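What you see is a predicted model, and the numbers here were worked out from it, not measured in a lab. Just so it is clear: chains get the letters A, B, ... in the order the sequence lines come, proteins before strands, and each one is counted from 1.
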Amino acid sequence: KQEVTQIPAALSVPEGENLVLNCSFTDSAIYNLQWFRQDPGKGLTSLLLIQSSQREQTSGRLNASLDKSSGRSTLYIAASQPGDSATYLCAVPAHGGSQGNLIFGKGTKLSVKP
Amino acid sequence: NAGVMQNPRHLVRRRGQEARLRCSPMKGHSHVYWYRQLPEEGLKFMVYLQKENIIDESGMPKERFSAEFPKEGPSILRIQQVVRGDSAAYFCASSPNIGDTGELFFGEGSRLTVL
């Protein structure tokens, strides 16, 4: 059964720092991994989708990497800003599950202090 | 291009009442998914629908919960005889018909409070 773990559960950094959020999954037979951002009381915003054939994806100050063999993904945020404060979630497809049946981690709650 | 639209955003029900949550997918999307986020827990998959078809309901509770996606109109998640434990945020997501990369796009959610 696929399980997704995110470490740390919470992180507080000063503005301008580079930071790394970690996501691990138990079943490496995934075909993609998706990172989301969730603001308090809001929905999820898709940040990056990495296909299993890719090793990383970049969007602006965000870079996500994927190492299937070790069951890990990292989300790197460069030059963090207070507006980056949110909960970051990673998700992978459930093994043997239908399309769209994603297993989510519990998230890393990021706070960037001005 | 409007995103995934959910309504109501907030819903309060008393125990035993019915709750109906609606979701309109993004334009050009015909795949709809419902997820539930209980307080202090991660999102859990409930059901995957296409127009007039339930594709995967493996995450749906066996009783009181049902979902539909009719030929016309939004997808509906229906909870009968609500109990306090149903209080949660219910999120709808959609994905495109063609060139589907597996990426899901989520709505803002409907927050159900059962008194």
Side-chain angles (χ1 to χ4, degrees), chain A residues 1-7 9-10 21 23-26 29-54 57 59 64 66 68 73 86-109, chain B residues 2-7 9-10 21 23 25-26 29-50 53-60 67 69 75 88-111 113:
Chain A
K1 179 185 172 185
Q2 179 74 274
E3 292 182 4
V4 178
T5 304
Q6 291 187 246
I7 294 173
L21 308 181
C23 172
S24 61
F25 44 94
T26 54
I30 61 169
Y31 57 86
N32 65 37
L33 182 144
Q34 198 165 354
W35 281 94
F36 296 88
R37 167 188 174 138
Q38 185 176 26
D39 293 278
K42 300 285 188 180
L44 279 69
T45 301
S46 178
L47 297 174
L48 289 164
L49 173 75
I50 311 178
Q51 300 294 348
S52 60
S53 57
Q54 300 171 319
Q57 280 281 5
S59 175
L66 175 62
K68 275 184 58 176
S73 176
T87 297
Y88 291 81
L89 302 166
C90 73
V92 297
H95 181 67
S98 62
Q99 164 185 324
N101 183 344
L102 300 182
I103 305 296
F104 280 83
K106 291 190 175 182
T108 293
K109 187 174 182 179
Chain B
V4 177
M5 304 300 292
Q6 290 189 247
N7 67 83
R9 293 291 312 280
H10 300 275
L21 310 177
C23 169
M26 286 178 70
H29 292 193
S30 65
H31 305 272
V32 167
Y33 317 87
W34 284 94
Y35 281 77
R36 177 166 67 174
Q37 187 174 39
L38 292 166
E40 307 303 321
E41 292 194 19
L43 278 87
K44 304 290 186 189
F45 169 82
M46 298 180 76
V47 62
Y48 161 33
L49 309 108
Q50 294 179 19
N53 282 305
I54 297 175
I55 307 302
D56 179 359
E57 57 182 349
S58 58
M60 288 280 271
F69 190 13
S75 174
Y90 292 84
F91 290 96
C92 173
S94 69
S95 64
N97 308 338
I98 300 173
D100 193 346
T101 61
E103 187 172 10
L104 264 59
F105 299 86
F106 281 79
E108 295 275 288
S110 292
R111 282 153 182 83
T113 301

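Of the possible polar contacts, one joining the Q6(A) side chain to the Y88(A) backbone as a donor-acceptor pair under 3.5 Å is found.
Looking at Q6(B), neither its backbone nor its side chain comes within 4.5 Å of chain A, counting heavy atoms on both sides. Only the side chain of L89(A) comes within contact range of chain B, with heavy atoms under 4.5 Å apart. Of the atoms belonging to L44(A), heavy atoms from both backbone and side chain fall under 4.5 Å from chain B. Of the two parts of N32(A), only the side chain, counted from C-beta on, holds a non-hydrogen atom closer than 4.5 Å to a non-hydrogen atom of chain B.
The two atoms that bring L66(A) and F25(A) nearest to each other are CD1-CZ, 3.7 Å, heavy atoms only.
Side-chain contact check for Q57(A) versus W35(A): every heavy-atom pair is 4.5 Å or farther apart. Between S95(B) and Y33(B), the closest side-chain pair of non-hydrogen atoms falls below 4.5 Å.
Using the six-membered ring where Trp is involved, F36(A) and F106(B) have ring planes that are perpendicular, over 60° apart on the 30 and 60° scheme.
Counting heavy-atom pairs closer than 4.5 Å to chain B, the top residue among K42(A), Q51(A), K106(A) is K42(A).
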